[in-house]
Amino acid sequence: MISTERSQSQSPRSSMAAGAPFLTISVTDPVKMGTGVQAYISYRVITKTNLPEFEGQEKIVIRRYSDFEWLHDRLAEKYKGIFIPPLPEKNAVEKFRFSKEFIELRRQALDLFVNRIASHPELKQSEDFRIFLQADEEKMDRARSYETGIFKKPADFLQMFKDVQSKVSDVILGKEKPVEESTPEYEKLQNYIFELENHLAEAQKQAFRLVKRHKELGQSLADFGKAIKLLGACEGDSLEKVFSEVGSKSEMLSVKLQREADNLLFHFEEPLKDYVRAVQSIKATMVDRANAFRQHFDLDQERKYKELNLYVSHFAFTHFWLCAKDFQLTRKFEANVFTFQDIPNNSCGLRSL
Amino acid sequence: MMSSTAPPDLAAGDGDGDGYMTLSLAAATTASEYASVASTFDPLLSALPSSPPTHAAFPHSPASSSFVDPPSYADVAASSSSPHSGSSSASPRSARAAGLEYTFIAVSDPAPETEPAATSLVPGSAPTYISYLVTSVRRGEHRRHAVRRRFRDFVTLADRLAESFRGHFVPPRPDKNTVESQVMQRDEFVAQRRAALERYLCRLSEHPAIGPSDEFRVFLQAEGKMPLPSSTDVASRMLDGAARLPRQLLGEETVSAPQDVLQPAKGGRDLLRIFKELKQSVVSDWVGVKPPLVEEDKEFLEKKQKLQDWEQQLTSSSQQAEALVKAQQDMGETMGTLGLALIKLTKFETEEAMYGSQRIRAADSKRIATAAVKASRACRDLNTQTVKYLDTLHEHLGIMLSVHTAFNDRASALLTVQTLMSDLASLQSRIEKLEAAALKIFGGDRSRLRKVEELRETIRATEDAKCCALREYERIKENNRSELHRLDRERKVDMLEMLKGYVKSQAAYAEKIVECWETVEEETSGYARRADCIAR
């Protein structure tokens, strides 16, 4: 189950109690590194703990988004069946990649991510998690390049090949996909999750649009206010004052609307998005489960098939042996028949002598 | 940054509660912003005009606390939603309307009719046009007149008025549409045109000079066919002019008759005059020779410059107003769609819930969703009001068109006078040359003397024409002046009313929306309190 706590894994009060175990992580201080196409944002990850598995009370490391991704992927591999806390989106439109809002939203989401891992009873014991929080640059690099990248393990290749094979044969033979496990409760849960995602995603989409509308309204109010003020300046006299009042109020409203847009973005749209991601993470786990089930099913099929083969081949071997024997005898018999048939000729030959 | 919005509990599928809680917090911020803005909108309240605004400084109201309720706004919102004919009885706009020549004008009942004399190759498809029923009641009379007019008749009316009221700011008529008859028949187009025609006639009747005019009365009251003569098309006019030109060049009919100079040269049949005036304008503008009479009225020139600035700002304001209206509409729409999406979500949660707490959360979220839908409706109503008020900007842009026409009338009348004066000057110099030449020949040259006599005749005729033209020019100048005064007055009034209406409606609906959100905030305040507790 995904823990939904956003702050420290234990309330501050209990950490005051001496000796009570605590683990506090914060992701802070985004800094733009590098230039041009290869520029990226680095974050400072500060870990404070008194747990024995960790080296030392406080550790500060520098991490970038791909490091968080690495951690996520490792956890997803090792802890199948557990809902891994979701990561913020990977790709961003180039234009917005370095906008203040985007960086702040991502930082918050990453902070949530690590803290959720830290609060999860199983995930927090992960070795990779500890490496992530503590390793220096070198070790981190090594760990990263060892597991990820295009070079997958040979076993994976074989598995992929087999998957394709079975899919192709299924299609050719017109076999239906093996029915996935379906207890009524699980199916109900599946449907619920799928529909929930749709509804949440729709609400999030509208929320995002609402933020945009606020910004647009703010902008047009500002423009309108300016234009009205200029219009009043043409008029002169007291009417000008009225115009300029309306104009400045419009501009004030515009500022408030922009602020409101930010508010909505951070406190309404982003949490909604967070939950959409969470549901997607649940779906990913469900897919894992389905895959595992199918793998199990396929292997089972294979086993049965091989057993059958074995049985058949025993049979076949005997049959073949018998056939072979049979063939030999037949040959001999036929050869004898020929000899008998030839005897009169041969005897003729002999007689002529 | 509110980072400590901790969730209430960890039940499964509970996540949405968080999102809604923060929305209500966001809503509260909006509410307080709007309320504080709404309450500072006082300077205009004190300018309630039962008389035209005295140009005293408007007092500024002190910034009041955020939740004080100004009394008048809420009922503005309530009353605006009921069909509103336009202005309250105290407003000066309707004061203008009260002094009208016609107490009632309406355009209705668009009905297709066929051209009576048309022949068509395919029977049954004679070209049809739409005719409208124009009803009117004149002030002081009880009889209601109703006549049928088609759009072409309106165009004719506009042309005749343009001729008769040179120098006046004649309200512009609705556009012609050069599209095929398919579009003409469509209901939406016809409805728009009907409304535009009605507005046009009302504006005409509001004009102090045009309202009581004969042309207008005849248009409204003469039954049967359109009584005013229609303009002949350009081609036939040109043909007539071309026919006259040879005679003119040969020396006959060189002088325009005095009544002809009352009209601008451009639309007429006198090609020679057109050429002469063209030459005159080229000489004064490009060659830089100072014409014999110039526009010297300083007041006019200043006003003209100011109006140009005004028009520029008006155009940009009108554009921004359109953008604003669109943004408001989008906002209302999106708010509504969000509300609906949330309602669907809550319905789903309620139906599929596995835990009781889900249903509770869903019920609370539904309140927020309904508040969003209500806010969206309010936003859309507000937009209708905003459109109504800010329309004044667009209307005044239309008025600027008529101002340009009036100024052009003035300029062309001036040009006519200048041309005639140059004519006179050149005729005079020809006479002097001839006389000087004649003197050299002792005893006089009979042909030359005859020529001189002819020229003197021409001069007399030209003098007459010039006097007429000059009178016309002065008349137009006077029209310009009085119209400019009228425009100034009416513009101030219209603008003030627009601003007042706009601000009032904004404040009223902002209050309404604030109310929506405040109720929701109260109802869901439990979440906020719990969040605070946990944060501490």
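Predicted model only: the values in this text are computed from it and were never measured. By convention in this document, chain letters (A, B, ...) are assigned in the order of the sequence lines, proteins followed by strands, and residues within each chain are numbered from 1.
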Is the [atom1] atom of [X] crowded by more than 12 outside heavy atoms at less than 6.0 Å?
X      : atom1 : value
B:Q312 : CD    : no
B:K366 : NZ    : no
A:K283 : NZ    : yes
A:F208 : CZ    : no

Rounded to the nearest 0.5 Å, what's the gap from [atom1] on [X] to [atom2] on [Y]? Could you check?
X      : Y      : atom1 : atom2 : value
A:L239 : B:R491 : CG    : CZ    : 8.5 Å
B:E351 : A:Y192 : CD    : OH    : 12.0 Å
B:M335 : A:H214 : CE    : NE2   : 5.5 Å
B:L338 : A:E202 : CG    : CD    : 9.5 Å
A:L231 : B:H396 : CG    : NE2   : 10.0 Å
A:S220 : B:M331 : OG    : CE    : 9.0 Å

Of the non-hydrogen atoms in [X] and [Y], which two are nearest, and what is the gap between them?
X      : Y      : result
A:Q206 : B:T337 : OE1-CB, 3.5 Å
B:S316 : A:A227 : OG-CB, 3.8 Å
A:L210 : B:T334 : N-CG2, 3.5 Å
B:L342 : A:F268 : CD1-CZ, 4.5 Å

### Query
So what's closer than 4.5 Å to chain A heavy atoms on B:L340: side chain, backbone, both or neither?
neither
### Message
Counting only non-hydrogen atoms closer than 4.5 Å, does B:L307 touch chain A with its backbone (N, CA, C, O), its side chain (CB onward), both, or neither?
### Response
neither
### Message
Between B:Q313 and A:I228, does the side-chain contact (heavy atoms from CB on, under 4.5 Å) criterion hold? Intermediate values first, please.
### Response
CA-CA 8 Å; B:Q313 297 308 329; A:I228 282 289; over 6 Å; no
If you define the side chain from C-beta out and look only at heavy atoms, does anything of [X] sit under 4.5 Å from [Y]?
X      : Y      : answer
B:K326 : A:E216 : no
A:F224 : B:L390 : yes
A:H199 : B:T346 : no

### Carboxylate-amine/guanidinium contact B:E333 A:R213, below 4.0 Å
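A salt bridge is absent here (no side-chain N lies under 4.0 Å from a carboxylate O).
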### Message
Heavy-atom cut-off 4.5 Å, strictly under: side chain, backbone, both or neither for A:L189 against chain B?
### Response
side chain
### Summary
With chain B, the option among A:R209, A:K212, A:E235 that has the most non-hydrogen atom pairs under 4.5 Å is A:E235
